[in-house]
Amino acid sequence: MNTLPVSFYTRKDIIAISRELLGKALVTEIEGQKTSGIIVETEAYAGPADRACHAYQRRHTARTAPMFREGGIAYIYLIYGIYHLFNIVTNEADEPFAILVRAIEPVEGIDIMMHRRKMNVVKPQLCGGPGTLSMALGITTRFSGESLQGPHIRIEDRDIRVAKKDIISATRVGVAYAQEDALLPYRFYIRDNPWVSKAKGL
DNA sequence: CAAACGATTTTCT
DNA sequence: GAAAATCGTTTGG
């Protein structure tokens, strides 16, 4: 439908892309099950110069390989041996930039999402965090490196407008180890949205 | 080859 | 509020 084209992702301004992603729909169709949600929180990881980025100093390993490819694909990795975090690769090939999607507001397949999360009431813990949204949408590391043009994962523009004044920028979560780069205002979220993550240290 | 650790979330005290 | 859960990736010997 209105799936965002590769050209949306290959641009160099990761901050602009991070802000524009707010209000877009993240859609997955996995094993015949369609689920989706509106992106309400993102975090930019700005390439070789960003201490918080897995590709800091161009660290190119089997895990980070997708980040060195052309934008428009997924970079997914396992964190704490438990959760799969979903990132959107941006910029051109050999420029390892990526955006972590930290929270979504559920839209389609909410029943499926609740089943995957083993929950029986709809509340922010369903998909209001980077680990939980991946679980709710069925995203795992096996999709790392896959295209965001489908068939499994895509991002759509559904004409949802987010006013500039409703986009808050703040410091990123869980990156204290990045020293001075931990202070960069690279986290973006929609003001007053109840699905924005409420992890520790916020 | 062994060991430490993490862009988190849940559970227990 | 503190600590556990849990494992692939990375780093060190």
Side-chain angles (χ1 to χ4, degrees), chain A residues 9 14-15 17-19 21-22 26 37 39-69 71 73-91 95-106 113-146 148 153 168-189 194-202:
Chain A
Y9 305 101
I14 193 172
I15 301 304
I17 300 174
S18 299
R19 299 173 71 100
L21 281 169
L22 296 176
L26 174 58
I39 297 172
V40 300
E41 182 178 358
T42 60
E43 267 182 10
Y45 285 86
D50 182 358
R51 286 176 183 277
C53 184
H54 286 169
Y56 174 56
Q57 293 183 325
R58 311 197 80 80
R59 208 161 50 123
H60 196 315
T61 66
R63 181 178 67 149
T64 63
M67 280 203 280
F68 288 84
R69 291 170 55 192
I73 63 174
Y75 166 49
I76 302 160
Y77 68 95
L78 186 68
I79 186 65
Y80 298 114
I82 305 176
Y83 299 101
H84 302 258
L85 301 205
F86 172 73
N87 297 254
I88 296 162
V89 176
T90 71
N91 218 312
E95 291 296 336
F97 287 62
I99 299 169
L100 169 69
V101 176
R102 287 193 57 85
I104 63 172
E105 174 176 335
M113 295 169 70
M114 295 208 300
H115 183 254
R116 286 176 177 148
R117 293 276 294 125
K118 300 187 187 346
M119 291 174 64
N120 50 30
V121 294
V122 177
K123 52 183 176 180
Q125 288 102 295
L126 180 66
C127 51
T132 58
L133 80 83
S134 294
M135 190 180 299
L137 294 180
I139 293 172
T140 67
T141 54
R142 81 178 202 265
F143 298 115
S144 191
E146 268 207 20
L148 296 180
I153 308 174
I168 310 292
S169 59
T171 54
R172 295 174 290 187
V173 179
V175 296
Y177 63 85
Q179 303 173 46
E180 68 271 20
D181 288 340
L183 301 176
L184 295 170
Y186 282 179
R187 180 163 78 102
F188 304 93
Y189 60 93
W195 298 91
V196 169
S197 72
K198 298 169 185 62
K200 292 181 181 179
L202 296 187

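Letters A, B, ... mirror the listed sequences (proteins, then strands); counts begin at 1.
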Rounding to a whole Å, what distance do you find between [X]:[atom1] and [N]:[atom2]?
| X | N | atom1 | atom2 | result |
| --- | --- | --- | --- | --- |
| A:I79 | C:dG8 | CD1 | P | 13 Å |
| A:L85 | B:dA7 | CG | P | 8 Å |
| A:Q57 | C:dT10 | CD | C1' | 15 Å |

Worksheet item: Between A:R172 and A:Y186, is NZ or CZ placed under 6.0 angstrom from the six-membered ring centre and within 45° of the ring axis?
Response: no
With heavy atoms under 4.0 Å as the rule, sort [X] into base, sugar-phosphate or nothing.
| X | result |
| --- | --- |
| A:L100 | base |
| A:G131 | sugar-phosphate |
| A:R63 | sugar-phosphate |

**Prompt:** Taking the side chain of A:Y75 as heavy atoms from C-beta outward, which of B:dA7, C:dT6, C:dT11 is closest to it?
**Reply:**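 Nearest nucleotide to the side chain: B:dA7.
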From the candidates C:dT10, C:dC7, C:dA5, the one with an atom nearest any side-chain atom of A:L78 is C:dC7
Over 60° means perpendicular and under 30° means parallel, so tell me whether A:Y77 and A:H54 are parallel, tilted or perpendicular. perpendicular
Stems in DNA chain C, runs of 3 or more consecutive Watson-Crick or G-U wobble pairs with both distances under 3.5 Å, sorted by first number, are B:1-6 with C:7-12, B:8-12 with C:1-5
request  = Ignoring backbone atoms, establish whether A:R59 has a side-chain N or O less than 4.0 Å from OP1 or OP2 of C:dT11.
outcome  = yes
Problem - A:Y177 and A:Q179 side chains, donor-acceptor separation under 3.5 Å - result: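 No - no donor-acceptor pair under 3.5 Å links their side chains.
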### Query
What do you reckon, is NE2 of A:H60 surrounded by more than 12 foreign heavy atoms closer than 6.0 Å?
yes
- Please name the pair of heavy atoms, one in A:G138 and one in A:R116, separated by the smallest distance, quoted to 0.1 Å.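 The pair with the smallest heavy-atom distance is N-NH1, 3.5 Å.
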Polar atom pairs between nucleotides 10-13 of chain B and protein, under 3.5 Å, N or O only, would you list them?
| unit_1 | atom_1 | unit_2 | atom_2 | d |
| --- | --- | --- | --- | --- |
| B:dT10 | OP1 | A:R117 | NH1 | 3.3 |
| B:dT10 | OP1 | A:R117 | NH2 | 2.5 |

Please step through side-chain contact (heavy atoms from CB on, under 4.5 Å) for the pair A:F188 and A:L22, ending with a clear verdict.
CA-CA 8 Å; A:F188 304 93; A:L22 296 176; 4.1 Å; yes
